[in-house]
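Read the structure below first, then the notes.
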Amino acid sequence: MDKVMRMSSERGVVIFTKSSCCLCYAVQILFRDLRVQPTIYEIDTDPDCREIEKALLRIGCSTAVPAVFVGGKLVGSTNEVMSLHLSGSLVPLIRPYQSLPY
C-alpha cells in the first residue's frame with residue numbers, strides 16, 4: 001500500500017492502468033482531451049502487480065484499474081471519473097494540472 005500511496009502522490013494526475021484495459025485507455029484519452037498529461041502506471045508491467053491491485057482495492061477503488069488520483073487523492077475508477085465529468089465537476093478538480101486553460 002505504501003508503494004501505491006507514494007506513486008499516486010508523485011504527480012498531479014496519476015492513473016493506474018493495465019495495457020490491455022480498454023476502459024483505462026478511454027480514461028487516459030479523456031484526460032488528454034481535457035489538456036492534462038497524466039502519469040500512467042501500467043501495473044501489468046510491474047513485478048508487484050498483484051500487490052498493487054490489492055492495495056488499490058483496499059484504498060477504495062471499485063475496480064483495480066483504472067484507478068485515478070488527482071493531487072494524491074483517489075478520485076476513483078471509470079464510473080466515478082465519468083460521473084464527475086458529466087456533472088461538470090471534473091474540470092475544476094483538474095484545472096491546476098491542465099497545460100492550457102480549458
Side-chain angles (χ1 to χ4, degrees):
M1 181 125 61
D2 291 337
K3 181 176 184 174
V4 169
M5 297 311 292
R6 180 180 41 78
M7 293 166 73
S8 66
S9 62
E10 287 177 346
R11 301 272 194 253
V13 178
V14 176
I15 305 174
F16 290 88
T17 71
K18 285 188 175 180
S19 56
S20 61
C21 174
C22 61
L23 291 175
C24 296
Y25 180 73
V27 169
Q28 290 177 54
I29 295 302
L30 172 63
F31 277 92
R32 290 190 179 122
D33 285 351
L34 295 174
R35 297 186 182 101
V36 172
Q37 294 299 318
T39 298
I40 306 296
Y41 290 112
E42 287 190 353
I43 65 171
D44 52 345
T45 63
D46 192 302
D48 296 327
C49 178
R50 295 278 184 225
E51 289 77 24
I52 292 172
E53 283 182 307
K54 290 176 187 175
L56 290 168
L57 292 171
R58 278 193 307 267
I59 290 168
C61 286
S62 55
T63 59
V65 293
V68 178
F69 290 79
V70 175
K73 295 182 181 178
L74 175 65
V75 171
S77 194
T78 308
N79 287 342
E80 293 82 10
V81 169
M82 292 305 180
S83 293
L84 285 171
H85 182 53
L86 292 173
S87 72
S89 301
L90 183 61
V91 171
L93 184 65
I94 62 171
R95 187 165 282 126
Y97 310 107
Q98 289 178 310
S99 57
L100 297 172
Y102 184 74

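Atom set for the values below is all heavy atoms of this structure, side chains included, hydrogens, waters and symmetry mates excluded. Treat the numbers as computed from the prediction; the structure is a model and nothing was measured. Just so you know, residue 1 is the first one in the sequence shown, and it goes up from there.
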Might you point out which heavy atoms bring [X] and [Y] nearest each other, and give the distance in Å?
| X | Y | answer |
| --- | --- | --- |
| Val14 | Ser8 | CG2-O, 3.7 Å |
| Lys18 | Cys24 | N-SG, 3.8 Å |
| Gly12 | Tyr97 | CA-CE2, 3.3 Å |
| Leu56 | Ala64 | CD1-O, 3.2 Å |
| Asp44 | Ser20 | OD2-N, 4.2 Å |
| Glu80 | Ser77 | OE1-N, 2.7 Å |

Gap separating the [atom1] atom of [X] from the [atom2] atom of [Y], nearest 0.5 angstrom:
| X | Y | atom1 | atom2 | value |
| --- | --- | --- | --- | --- |
| Ile59 | Met5 | CD1 | CE | 5.0 Å |
| Glu10 | Thr39 | CD | OG1 | 8.0 Å |
| Leu84 | Ile94 | CG | CD1 | 10.0 Å |

Quick check: do [X] and [Y] have side-chain heavy atoms less than 4.5 Å from each other?
| X | Y | value |
| --- | --- | --- |
| Tyr25 | Thr17 | no |
| Leu90 | Leu30 | yes |
| Ile52 | Tyr41 | no |

* Are Ile15 and Leu23 in one and the same hydrophobic cluster, where Ile, Leu, Val, Met, Phe, Trp and Tyr link if side-chain heavy atoms are under 4.5 Å apart? ->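 Not linked; separate clusters.
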* Would a hydrophobic clustering, with Ile, Leu, Val, Met, Phe, Trp and Tyr connected at side-chain separations under 4.5 Å, put Val91 with Val81? ->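 Yes.
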* Lys54 and Glu51 ion-paired at < 4.0 Å ->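 No.
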* To do: Run the numbers on Lys3 and Asp46 for side chain to side chain contact (heavy atoms under 4.5 Å, CB included), then give the verdict.
  => CA-CA 12 Å; Lys3 181 176 184 174; Asp46 192 302; 3.0 Å; yes
* **CZ/Arg32: more than 12 non-hydrogen atoms of other groups inside 6.0 Å** =>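 Result for CZ/Arg32: enclosed.
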